[in-house]
Amino acid sequence: MPELPEVEVVRRDLDPVVAGRTIVAVEVGRDRAVRREASIGAYVDALSGRPVTRTDRVGKFLVVHLGIGDGGTPRPDVVVVHLGMSGQLRTAAGGDDPRLAHTHVVWVLDDGAEVRFVDPRTFGHTWTDRTGADGRPTTTAHLGPDALAAGGAADVVAAALAGRRVAVKLRLMDQTALAGLGNIYTDEILFRAGVAPHRPAGSLGAAEVAAVADAIHEILPAAIAARGSSLGDGQYVDGAGRPGTYQEQHAVHAKAGRPCPGCGRPLARLKLGGRSSTFCPGCQV
DNA sequence: AAGCACACCTGCTAGC
DNA sequence: TGCTAGCAGGTGTGCT
């Protein structure tokens with residue numbers, strides 16, 4: 001489900017609900033949703049009574065910064081959420097709203113509002129962590145530069161692609177190279193850049209690298225402005241449960257067989273790394 | 001050591 | 001109508 005734009009929309013919805021509030025209770029309905037912890041109880045204890053200072057995002061990882069709270073012994077200073085394929089982080093003004101099926105974790109705030117982690121496919125999860133010297137949680141240290149923060153800087157994209165024989169689309173989806181891009185947005189970025197997804201990453205010339213960087217710079221903010229992409233199965237919704245609209249602007253993703261918006265020829269489908277890719281064999285070389 | 005296959009889950013759709 | 005196979009936005013692992 002969610003790639004960088006969707007996670008950013010969820011973060012922006014979440015921030016005003018949680019910033020300045022205190023987590024007074026935590027409920028875990030499905031243990032699998034909490035990972036990388038010594039125990040479920042450790043997660044609950046680490047969050048309970050903690051004020052929320054601000055929210056952040058690294059690639060597709062959502063980061064909630066925690067203040068000291070009661071206690072005093074050193075404790076994790078962030079809670080991280082990854083939405084996986086089907087995760088949603090939804091806010092409810094009070095506990096009276098009925099909970100959706102697959103609501104696995106609930107944070108109850110001191111004003112009665114709730115933050116609910118809903119995830120049918122259970123690939124998403126949440127955990128507590130500490131931030132390192134770079135301000136990122138230690139469990140996100142392996143990630144490359146954030147694709148939005150990098151702003152489509154050509155030198156960052158060039159460094160991610162240089163010398164790699166793997167398909168450029170797979171390299172762009174490699175979170176250790178550049179963090180935040182997934183199957184939807186790499187399809188759209190490569191179409192915009194006019195680069196075929198199966199080209200070896202290192203084979204792109206400087207003008208093509210610049211075109212990819214420009215496409216990242218244009219597409220990610222546009223997708224955030226449109227509140228993300230919600231595909232046919234309707235999994236992605238924002239913090240209030242509303243779908244995004246950027247799918248209306250998709251040029252190629254999941255449109256195999258339909259006419260290319262550039263040249264009118266049918267869009268082709270290709271398997272790369274076990275994922276399906278859509279591209280225009282005429283416009284993308 | 002880069003690159004690949006596969007495992008982890010549930011739910012929906014297309015096809016028989 | 002009901003069953004089954006295939007597919008879906010992602011990440012981490014372990015093998016070659």
Side-chain angles (χ1 to χ4, degrees), chain A residues 1-10 29-36 57-62 80-89 100-105 117-127 129 137-144 147 159-190 197-203 219-220 223-224 226-238 243-247 249-250 252-257 269-278:
Chain A
M1 156 198 175
E3 303 181 24
L4 187 155
E6 290 75 31
V7 177
E8 179 61 17
V9 170
V10 168
R30 179 153 176 163
D31 289 0
R32 183 178 152 76
V34 174
R35 301 187 213 170
R36 313 185 204 215
R57 182 191 52 73
V58 184
K60 302 170 192 170
F61 294 73
L62 185 64
V80 185
V81 180
H82 196 290
L83 299 175
M85 296 272 263
S86 60
Q88 306 172 0
L89 209 53
L100 296 172
H102 309 292
T103 298
H104 302 319
V105 180
F117 177 57
V118 182
D119 186 17
R121 274 179 87 183
T122 73
F123 286 173
H125 49 287
T126 174
W127 62 98
D129 198 2
T138 59
T139 48
T140 64
H142 65 294
L143 298 178
L161 302 184
R164 299 287 168 160
R165 277 185 284 187
V166 71
V168 60
K169 166 151 168 167
L170 295 180
R171 187 62 182 164
L172 289 174
M173 284 199 295
D174 183 339
Q175 303 300 297
T176 68
L178 196 60
L181 305 180
N183 207 28
I184 294 176
Y185 292 102
T186 49
D187 270 359
E188 295 299 313
I189 286 162
L190 289 171
H198 47 90
R199 285 269 302 281
S203 74
I219 287 174
L220 294 183
I224 293 167
R227 303 194 60 77
S229 298
S230 294
L231 296 192
D233 63 10
Q235 295 282 21
Y236 167 70
V237 294
D238 65 19
T245 65
Y246 191 70
Q247 67 281 359
Q249 298 178 55
H250 287 180
V252 295
H253 181 74
K255 293 175 183 276
R269 183 163 141 153
L270 173 72
K271 278 260 185 203
L272 284 174
R275 317 292 301 281
S276 74
S277 299
T278 314

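Quick note on labels: first sequence line is chain A, next is B, and so on, each numbered from 1. Just the heavy atoms: all of them, side chains too, but no hydrogens, waters or symmetry mates, feed the values below.
Distances from the side chain of S276(A) to the nucleotides dA8(C), dT10(B), dC8(B) place dA8(C) closest. Listed candidates were dG10(C), dC8(B), dG12(C). Nearest to the side chain of R32(A) is dC8(B). Closest to the side chain of R275(A), from the set dA8(C), dG10(C), dG12(C), is dG10(C).
Atom CG of L231(A) and atom P of dA8(C) are 11 Å apart (whole Å). When the C1' atom of dC8(B) is taken as reference, atom CZ of R30(A) falls 11 Å away, rounded to whole Å. The interatomic distance linking M85(A) (CE) with dC9(B) (C1') rounds to 10 Å, in whole Å. At whole-Å resolution of the value, CG in D174(A) and P in dT11(C) are 10 Å apart. Atom-to-atom, CG of L270(A) to P of dC7(C) comes out at 14 Å; the value is rounded to the nearest Å. Distance F61(A) CZ to dG10(C) C1': 9 Å, rounded to the nearest Å. Computed from coordinates, the L272(A) CG to dG10(C) P distance equals 14 Å when rounded to whole Å. Atom-to-atom, CD of E3(A) to P of dA8(C) comes out at 13 Å; the value is rounded to the nearest Å.
Without hydrogens or angle criteria, E3(A) side chain to K60(A) main chain gives no donor-acceptor distance under 3.5 Å. Between the side chain of S230(A) and the backbone N or O of Y236(A), at least one donor-acceptor pair lies under 3.5 Å.
A donor atom on one side chain and an acceptor atom on the other are found under 3.5 Å apart for E6(A) and Y185(A).
L83(A) places a side-chain heavy atom less than 4.5 Å from the side chain of F117(A). When side chains are defined from C-beta on, R57(A) counts as touching L4(A), because their heavy atoms get closer than 4.5 Å. Looking at V166(A) and D174(A), their side chains never come closer than 4.5 Å, going by heavy atoms from C-beta outward. Within the 4.5 Å cutoff, side-chain heavy atoms of R36(A) are placed close to those of H125(A). Counting only heavy atoms from C-beta outward, the side chains of L181(A) and L220(A) approach each other to under 4.5 Å. Proximity of H102(A) to V118(A): side-chain heavy atoms (C-beta onward) are separated by under 4.5 Å at one or more points.
For the contact set between residues 117-125 of chain A and DNA chain B, defined by any heavy atom under 4.0 Å, the members are P120(A), R121(A), T122(A), F123(A).
Under the salt bridge (Lys or Arg N to Asp or Glu O under 4.0 Å) criterion, R164(A) pairs with no residue at all, not counting sequence neighbours. In this structure A162(A) satisfies the side-chain contact (heavy atoms from CB on, under 4.5 Å) test with no other residue, sequence neighbours excluded. For the salt bridge (Lys or Arg N to Asp or Glu O under 4.0 Å) test, no residue two or more places apart in sequence or in another chain qualifies with R121(A).
Residue Q175(A) has no polar side-chain atom (N or O) positioned under 4.0 Å from OP1 or OP2 of dG10(C). Side-chain N/O atoms of H142(A) include none lying less than 4.0 angstrom from OP1 or OP2 on dT11(C). Distances shorter than 4.0 Å separate none of the side-chain N or O atoms of H82(A) from OP1 or OP2 on dG10(C).
Heavy atoms of R35(A) sit nowhere under 4.0 angstrom from any nucleic acid atom.
Taking atom P on both nucleotides, dT1(C) is separated from dG11(B) by 23 Å, rounded to a whole Å. If you take atom P in dA1(B) and the same atom in dT11(C), they sit 24 Å apart, rounded to whole Å. Using P as the reference atom, dC9(B) and dC3(C) are 25 Å apart when rounded to the nearest Å.
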Would you sketch DNA chain C in dot-bracket for me? Only Watson-Crick or G-U wobble pairs with both distances under 3.5 Å count, crossing pairs as [ ], other-strand pairs as |, the rest as dots. .|||||||.|||||||
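Listed here is the closest heavy atom pair of P137(A) and D129(A): CB-OD2, 3.2 Å.
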Just the table, please: protein N/O against nucleotides 3-7 of chain B N/O, every pair under 3.5 Å.
| unit_1 | atom_1 | unit_2 | atom_2 | d |
| --- | --- | --- | --- | --- |
| dG3(B) | OP1 | R165(A) | N | 2.9 |
| dG3(B) | OP1 | V166(A) | N | 3.2 |

